[in-house]
Structures are given as C-alpha cells and as structure tokens.
Amino acid sequence: MKASKHSAKQRWLVPTVPWILRLAGLALVLSGCATPVGVRHVDIQTAYRIHTESALSAEQPSEPSKMVLRRLRLLDRFGAEPAAVLAELHRGLNPSGDDDRLFALAELSFLHADRTGDRAYFLASSVYAWALLFPDDAAGTPLQPSDPRFRLAYDLYNQAVAKGLAAHGKGVDKNEVRLTPGVYKLPFGTLGVSLDDTGLTWGGCRLDRFIPTTTLEVRGLRNRYRTPGLGAPLAASLAERQASAKVVGSERLGPRTKVPVTALLRFEHARASLGEGRIRGRIEVYAADQTSTVQVDGRDQPLESDPTAALAYQLEGSPIYAAEIQGFLRGGAFGGLMPRDRAQDGLAMMQPYRSGKIPVVLVHGTASSPARWAELFNELQGDPRIRERFHMWLFLYDTGNPIAYSAGQLRAALTAAVKEFDPEGKNPALRDMVVIGHSQGGLLTKLTAIDSGSRFWDRVSSKPFDSIQVDPKTRELLRQTAFYTPLPFVGRVAFVATPHHGALLASGRIGAIAAWLVTLPVGVFSQVAQAATLTGDEKLIALLRRPPTAVDNMNPENPGLQVLQTIRVDPRIPAHSIICVKGDGPKEEGDDGVVAYRSAHIDEAVTEKVVRSDHSCQGKPEVIEEIRRILLEHAAAFEGRRP
C-alpha cells in the first residue's frame, strides 16, 4: 500500500513540471516578451538628453557620476546623505589619478551646493574640476577632448568659480561676484586665495561690481557671441574712482560701460593638495578685448567670454533711449549722460583704443542715438576678422541742431581724438578711419570728406570771411560750420539711408511742425549773432537770428542742402551707399518711408546696395553684411598700402 501510494504521488508530479514551463512561456508571450534585460527604441532627442543631462542642465547627476555612485553602492545614499557621501568619495581619492571619482566629486559637489547654497561646495567643485582638467606633471593625464566629461568639467569649473565667489550676507546683491583675497572654507579643508589686481584696471579705469553673464538671458539681439573656454565670464562696471595712472582716451569711455571680463581662479598643484586639505589659489582677471588665452601647465587655454551679454546688460535700462527725443527737441540730453570728467565733445568709445586698429566711426540719425547701432556693433565684434582690425567709435549729438553745426562738432571731435592717440603721427591705422552715417548722420559723414571752398560761407554772408572782425572763439565756430575740407585721416565713408537730396518728411506741414518744436542752443547762436552784429553783416545776422534746424536743413528746398548736393565726395575717399526701399517695386520709384531712392543715390558711390527695408535699417542683416563687406575691403586695401 505504501509503495503504491508513493508511485501515485510520483505520477502526479512528473507531468506537473512541463505544465509549469508552459504556463511561464505563456506569461512571457502575454507580457510582450519583456525580458529582465533589453532595450527600447527612443527618438534622437530623448537619447541625447539621456546621454547629456547633468547637474547643470537637469539638476541631477550625469550618467558618469551615477556610474561611480552605483559601483560604490552610494546612489540611494547620496539622495539622503549627500555631504557624507561626498566626504567618503573624497577619502577614497587616489593621489596618482582617479578621473572617474574626481569628475563625480566635481559634479556632485556642485549639485549639493546648488541645492543648499553652501558656497564651500561650489569652491570644492572648482578645485575638483581643475584637478581633473590640469593634473600636474606627475599626477596623471588630462581628459581627452572626445570625452563628454571634458567640456562639462570646464563648465562646472566656470560656474563653480562664479558661485563660490558670489557675494553673500544681508543687504548685498547676491548676483555679484566678489573678487576678494582671503581664506575660504572647503568641505575637506581650506582654500587660501590671493588676488592679482593687475587685471582690475581697464583703459585707465578701475573695474568693480562683477556680474556673471552665464545667468543672464539676452533679448533684443539676434545672436549671442560667446567664446567657450576656461574661467567665469563676467560683466564689470567702471568704478566712480578712476585709477591713479592717467591713460589717454579713458575719458571717452562711457560711465555705464560694461566690460566683458573673465575671472580665473588658478590652483597650485590642486590634485596633489587634495589629500592635505590645504589648497592655494590666485584670482586673475582678464578683459576680453585684451587677452583671449592664458597658459596653464604650459598649454594655451582659451578664456571664456560673453561680450554680447555684457553689451545687452549695458543697455538694459539705459537712459540713452529716453534721451533720443530730448536730444532732437531740446538738446543737451546726451551731454547729461557724460559726467564732467568724461569727454564732452560727443565722441565715445566702447573699448580703450589700441594702436594698430582702424577706427570705425558710427554716426546716428535724427531722434536716434548710438544705442541703435547695438545690433551692428554686436555682429561686427563677433567677427574676429573685424574685431582684430577695427575699433568702434560712437558719435553722439543733438539731432535738432543745424547739420553744419553738428558736422563741425564731429570734425572737431575726430581731430582731437587723433591728436590724443597719435600726437607724433606714427600710427597709420588711426589715419585711415571709416566713417559710417545713418540718415542725417550720413550728411554729417559727407561733410568729413568734401572740399566746399567758400560756397557755404557765400550763401550766409555778403562779406569775405577774412574781413569778419569777431573774437577768436566765434571765428573758429564760424569757420568750423561753414568751411569743409576732407579730413586727412578719413579713408572711407559709407552712407546708410541718407537724404542727400532731402527727406520726404522734412518738407510741408510735418516738417514745419517738427522744425517749430525744436529748441536750438540759444546761448551758442545768440553769442555768434551778437558778434556778427558788430560786423554789420545783415545777411549773416538774419540767419543767426533764426538759425535753421536739422529738419530745415533736410528740406529738399533748403539752400544749404542744395549747395551740398553739388559737391561730390573727394575722389580719393571711396564712398559706399546703402539705400533702403520698401516693397518690391522698381527701386528708382521707391522709398523707405523717410528717404526716397532718388534722394539717397549719389553718382560718386563706388558701390550701391539696395535693401528692401524701412528707414530704420541699421540692424537689418543685409545692411550689416554690406558694412562687413565694406570693412573687409577696407582692411585689405590698408594692408596692401603698408610697406
């Protein structure tokens, strides 16, 4: 009986095993064959995100850092005890080289600092990243550029430096970076920092208030030109207190100028010092227009810079936009933007002048300002071919004043600048400048490149100029506004939407109303009128009693403009025309809403570019590209003339 029962049990079990296997197989089929290990197809964007997300892009560790944590069974623990995990990772560092762990420490320290605001971990991140990128002579080899961690390590270092040196405490701007020497706390020791202050002076001005540009979003400019490299890109302000050493031209730098600079925190033997817990570093500051590379461990390293962000930051909330209409109607607006210790002749610069660069003078139009050249300036500065050969100058003037008066100011300012920068006449680049004017600014530009003889004076006076008995100051003002010869240092001119034969809106009722609204600088003209009274020159007195405005000067019927039409640009100075025409009709019959094609066209132009645009075209891509072409042509011609 026992044997038979046992046999029956065995007979029941035998068929059971294959039956279970069949059930398991059926379960796999029903589950879609989902094996414990496998793959699934994703789109390219998802795949790229999986491979590239990091503490900087997704507020979580990158895959290489997660791999280190998983290998050491620390991934879950990092979420609960990040400081303890970082300390354990640090203790396990191999002094002779441990790239995987160093990278994980750099990224995870940054992530922990970003979550807690503890700048000690930001500074630790910068130390780890530096040790990874620059392992010293005997401590291993640097990452290869093909390693995806390579660029991320640079970005971690750059961001960590800015965050680690950020201002902290009550009542401070936490967006500001403080470049201050001292001893800083690290999670594993201390960081002793010194400061090389040679880079804190720029163009004779002291730099202060450093703002990181990586956290600035730029608006209003098409392209953001940023040079990737090493260091924290910052925008620096000019201190109210000037540097002790006087630098020629420093007064031409606007007080609101924002200077793109790079802060480098250079560590000494970082990898070898990690075990000791005592790190030494030095803060170095480099202006983007003066230094583009530094040497680290005997290798050139490009410096990271963000000039577009600095430009946009400079124009954010700038009063220059509000001054445009005031500068047209009442005058004096632009002068109020420049303190008394700055140049008052209207010529401003975005950077200190460097010998060997050709000046490009940008002259704005009516009811406008140099701010309207921002798009052009950004694009040209973003082109190394232009940036290395040219230096941008800006001319500010009250656009309601008589054109002859403003042109005299432009000519005087340029002459003064040439004497300032090159009193001995040894810099040929300075004496081959390009002047570019938009709208009314084009008429001012033309008056730098013509020989008028006495034609303008004969129109306003019935007496020879030499016979006028006035004080020297008045005589110089009259000469400056009535007699023009080609400035010897102007090598090329370009006209953008310029009303050579008058503006559409300057005549008729609109022109009369605009001219009536304009208030001229009474003090200047009344003094000249009083002086002219002594001469008995009734023709000149009548003109000075009611001087014409710029709107009057751009009326096609204006006698002065009609005289200017008859005078060609000096043939030794190449002239270029950029003419705007709206719509797609015949250009000869078109206009830009302010200036007709027939008014903007001049026969002596060596090139003429027609752009389908309205009058405010300074920032249009076609206009910028034509100006770029003109400048490169000028640079080539300049090089061809050099011995």
Side-chain angles (χ1 to χ4, degrees), residues 49-95 97-133 135 143 147-169 174-175 177 183-193 212 214-215 232 265 267 270-279 281:
R49 178 180 54 79
I50 292 172
H51 292 301
T52 59
E53 63 185 6
S54 68
L56 294 176
S57 64
E59 297 184 16
Q60 64 173 330
S62 64
E63 192 58 30
S65 292
K66 289 179 181 177
M67 289 171 61
V68 172
L69 293 174
R70 292 192 194 103
R71 287 203 306 262
L72 301 174
R73 300 173 64 86
L74 295 173
L75 182 59
D76 293 335
R77 189 180 166 203
F78 178 74
E81 302 175 341
V85 168
L86 288 169
E88 185 173 334
L89 286 174
H90 181 86
R91 287 193 297 270
L93 275 173
N94 184 347
D98 193 346
D99 289 355
D100 293 344
R101 190 175 292 233
L102 269 176
F103 177 81
L105 278 166
E107 183 180 22
L108 298 175
S109 296
F110 187 95
L111 184 60
H112 179 54
D114 198 36
R115 290 171 175 172
T116 63
D118 189 341
R119 69 172 182 167
Y121 284 92
F122 279 127
L123 292 173
S125 174
S126 68
V127 175
Y128 291 131
W130 182 281
L132 178 66
L133 292 168
L143 292 175
D147 191 324
R149 298 174 298 176
F150 180 75
R151 182 60 237 176
L152 185 53
Y154 275 92
D155 292 336
L156 286 168
Y157 166 82
N158 297 347
Q159 294 273 23
V161 168
K163 292 286 189 180
L165 298 177
H168 67 288
K174 295 184 179 180
N175 292 320
V177 172
V183 177
Y184 294 81
K185 179 184 176 182
L186 294 173
F188 52 85
T190 59
L191 169 62
V193 176
T214 51
T215 53
L265 182 51
F267 298 109
R271 187 173 291 201
S273 302
L274 284 171
E276 303 171 5
R278 291 189 298 273
I279 310 295

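For the single chain, residues carry numbers from 1 onward in sequence order. Please read all numbers here as calculations on a predicted model, not as lab measurements.
- Looking at D99, D100, D155 one by one, the single match for salt bridge (charged side-chain N to carboxylate O under 4.0 Å, His left out) with R149 turns out to be D100.
- Put simply, the side chain of R70 never gets that close to the backbone of L75: no donor and acceptor are under 3.5 Å apart.
- E59 CD: 12 or fewer foreign heavy atoms inside a 6.0 Å radius.
- Shortest non-hydrogen contact noted between E107 and S62 is OE1-OG, 2.6 Å.
- Between Q60 atom CD and S54 atom OG the span is 9.0 Å, to the nearest 0.5 Å.
- Interatomic distance, K163 NZ to D114 CG, rounded to the nearest 0.5 Å: 6.0 Å.
- H90 places a side-chain N or O within 3.5 Å of a backbone atom of L274 that can act as its donor or acceptor partner.
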* List the steps, then state whether side chain to side chain contact (heavy atoms under 4.5 Å, CB included) holds for L89 with L69. => CA-CA 9 Å; L89 286 174; L69 293 174; 4.2 Å; yes

* Derivation of the side chain to side chain contact (heavy atoms under 4.5 Å, CB included) call for L186 and I279 -> CA-CA 9 Å; L186 294 173; I279 310 295; 3.8 Å; yes

* Asked: Do L108 and V68 pass the side chain to side chain contact (heavy atoms under 4.5 Å, CB included) test, and can you show the C-alpha distance, the side-chain angles, and the key distance before you say yes or no?
  -> CA-CA 11 Å; L108 298 175; V68 172; over 6 Å; no

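- Here OG1 of T190 is found 11.5 Å from CG of L123. Values are rounded to the nearest 0.5 Å.
- The two residues R271 and A131 have their closest heavy-atom pair at NH2-O, 2.9 Å.
- T52 is not listed as a side-chain neighbour of S57, based on a closest heavy-atom distance of 4.5 Å or more.
- Remark: L72 CG to L74 CG distance equals 5.0 Å, nearest 0.5 Å.
- P82 approaches G79 most closely through the heavy-atom pair CD-O, 4.4 Å.
- Aromatic pair Y128/F188: ring centres closer than 6.0 Å.
- Formation of a donor-acceptor pair under 3.5 Å by the Q159 side chain with backbone atoms of L56 is not found in this model.
- Taking each heavy atom of A270 and W130 in turn, the nearest pair found is CB-CD1, 3.8 Å.
- Minimum interatomic distance between E53 and K66 (heavy atoms only, all atoms of both residues): OE2-NZ, 4.3 Å.
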* Asked: After noting the C-alpha distance and the side-chain angles of F110 and Y121, does the key distance pass the ring pair (Phe, Tyr, Trp, His ring centres under 6.0 Å) rule?
  -> CA-CA 6 Å; F110 187 95; Y121 284 92; over 10 Å; no

* Asked: side chain to side chain contact (heavy atoms under 4.5 Å, CB included) between L165 and R119: does it pass, once the steps are laid out?
  -> CA-CA 8 Å; L165 298 177; R119 69 172 182 167; 5.6 Å; no

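- Across A153 and A129, no two heavy atoms sit closer than the pair O-CB, 3.6 Å.
- Distance alone, capped at 3.5 Å, places no donor-acceptor pair between the Y157 side chain and the A106 backbone.
- For the pair L132/L105, no side-chain contact is recorded, criterion being any heavy-atom separation below 4.5 Å from C-beta on.
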